[in-house]
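Just so we're on the same page: letters track the sequence lines, and every chain starts at 1. All values derive from a computational prediction rather than experimental measurement.
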2 protein chains.
Amino acid sequence: MKSKQPQSRKRPSIAEALAQEIFSGEYQPGDFVPREVDLCERFALNRSAVRSDLRQLVDAGIIERISGHGSKVREYPEWNILDAQVTEWMTRYAAPNPGVQREILAFRLDVEPYVAMTAAKHATAHDLVAIEEAFNGMGSDLDDPASNRDGRLHSDYDIAFHVAIFKATHNIVWSQLSHILRPSILLLIETSNVSASDPAESLERHRLLMESIRARRPRDAFLASQAVLAGTASALGLEIPETPLGHSAELLSET
Amino acid sequence: MKSKQPQSRKRPSIAEALAQEIFSGEYQPGDFVPREVDLCERFALNRSAVRSDLRQLVDAGIIERISGHGSKVREYPEWNILDAQVTEWMTRYAAPNPGVQREILAFRLDVEPYVAMTAAKHATAHDLVAIEEAFNGMGSDLDDPASNRDGRLHSDYDIAFHVAIFKATHNIVWSQLSHILRPSILLLIETSNVSASDPAESLERHRLLMESIRARRPRDAFLASQAVLAGTASALGLEIPETPLGHSAELLSET
DNA sequence: CCTTGTCGAAATGTTCGACATATGCCAGCG
DNA sequence: CGCTGGCATATGTCGAACATTTCGACAAGG
């Protein structure tokens, strides 16, 4: 029955457990995490394993190891948010601080319309299939927004939709950057669910974006993407003044 | 003559040596690198050290470890180019294949005008100082383009100039993305030196960009950045059709 | 009283050897 | 012919010993 995957790792993964505690705020920047031998005892593992996992956190820029002293949690801006592992943890344990989330969202507001524009130019049939499948998944559980037990939640489809657009640019940088979306989208969905926003409207905006890309209309895709982002972002009170690119929408629509 | 870097690390660093051989094409995607024990013998180190370094390559997405079989070099698109270590190696040992370089350059052409625009809005006095210092460094060795022995080459100042603009956005994503510029800028400089391009003209374009940011003129900064990129990119025969954003320059200038 | 040198505890850094597990090949058996 | 078991090989995991770095205590000397 384990033919699928041995489930990644058999042991609890110290990195995972420590990351959870750090992301949840149990240890804050400047704090020192327990020393190696204590972690060994707590997880019933040897030092090699512990050090191996601690190195993951070092590579992620989350902790800093000081010889003969201990492992200190670094400041949030030092965290390497371009590391896919970090965004993975952010999706699972929420953001370490709201400022980082806000800046990621500002980044999205900057670039996503442009990414949609590029996708509309370069998307292949294969890309369109991926986008459409994700879109269909988003629409299928409109009445059950919480979750369906197919193993994939609504948020999974939402993320897949946006990631598929990034990949449709056929640019390696954009493709690899797409993981930045995950925590941001999850935040938007959770908060949007609280504040009353019309899911049908949101879905319609996504549909317009998809159609623009399918029709190979870069300019429409640009505008449609801005509409998608503006809809969800404004739903949680985030203004768009932070995106200097925003006003170029009018410029584009003028022509 | 190996007094280059007496600090940093004492041992040759297997990861460094292997990366060089992989980046130079000695091992290509699909090939298997020597097994652990052979590397131990070759570098006179124990397996722990070798495995520790091999893990760096795994994290960078460069190699894939197959239990009981060996370590295989992965395909270029799999390489994690958002990892700062990877771009560091690219600057030192050139790009693994030209396609990746071209895509990174396309990415730059896409986003740098926007980054300049955002920088013009958010730059602080401190940021302006960093930009100006880098600019002065670029101009100081105009007649000696190869290198001055202050320890900093012309390319260092060029990179510092563009990176400073990225950091001036005060957005964590843009700031951490700035390392993507390094290999791309080095490639441009090297190739530009071969093809005859006027360094004075390039410097003037950079000056205009800096002045636009200093004057807090986002629109001018957008256009100036496009001019900088177009100047160097066209110098080496790279057309800008890959950047669908290019034409929005005219849109901006219309208003 | 302040400075300075030395020692030692505590933590991380490094190395080594042994054993566990996964994979591919191939001979042996049904 | 096909399956199965074992063997060789390579990576994965582990535990202990030793080296190095850091900080604080403490005492000698100015």
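- Looking at which nucleotide of DNA chain D each of B:Gly68 and A:Gly68 is closest to, the 5′-most match is held by B:Gly68.
- Nucleotide D:dG15 holds its P atom 13 Å from the CZ atom of A:Arg47, rounded to whole Å.
- Checked by atom type and distance alone, the side chain of B:Asn136 never pairs as donor or acceptor with a backbone atom of B:Glu133 at under 3.5 Å.
- Taking atom CG of B:Leu57 as the reference point, atom P of D:dT11 lies 13 Å away to the nearest angstrom.
- Per the geometry, CZ belonging to B:Phe32 stands 17 Å off P belonging to D:dT9, to the nearest Å.
- A straight line from CZ of A:Phe43 to P of D:dC14 spans 14 Å, rounded to a whole angstrom.
- Proximity of B:Arg51 to the phosphate of D:dT11: no side-chain N or O atom is located under 4.0 Å from OP1 or OP2.
- In this structure, A:Glu36 pairs ionically with A:Arg65, as a charged nitrogen and a carboxylate oxygen lie closer than 4.0 Å.
- Whole-Å rounding puts the A:Asn46 CG to C:dT12 P distance at 15 Å.
- Each of A:His69 and B:Ser48 was matched to the nucleotide of DNA chain D holding its nearest heavy atom; the match closer to the 5' end belongs to B:Ser48.
- Between B:Arg47 and B:Glu41 there is no salt bridge, since no side-chain nitrogen of the basic residue lies less than 4.0 Å from a carboxylate oxygen of the acidic one.
- Ring geometry for A:His162 versus A:His206: interplanar angle over 60°, hence perpendicular rather than tilted (30 to 60°).
- Between C:dT12, D:dG12, D:dC14, one nucleotide has an atom nearer to the side chain of B:Ser67 than all others, and that is D:dG12.
- Between A:Phe107 and B:Trp174, the angle of the ring planes goes over 60°, which puts this pair in the perpendicular group of the 30/60° scheme.
- In the interface, the side chain of B:Arg55 is not paired with the base of D:dG12 through any donor and acceptor atom under 3.5 Å apart.
- Considering only the side chain of A:Arg65, C:dG13 comes nearest among C:dG13, D:dT11, D:dC23.
- For the pair A:Leu45 CG and D:dC14 C1', the computed distance is 10 Å after rounding to whole Å.
- Whole-Å rounding puts the A:Glu36 CD to D:dA16 C1' distance at 14 Å.
- Protein atom CG of B:Leu39 is 12 Å distant from nucleotide atom P of D:dA10, rounded to whole Å.
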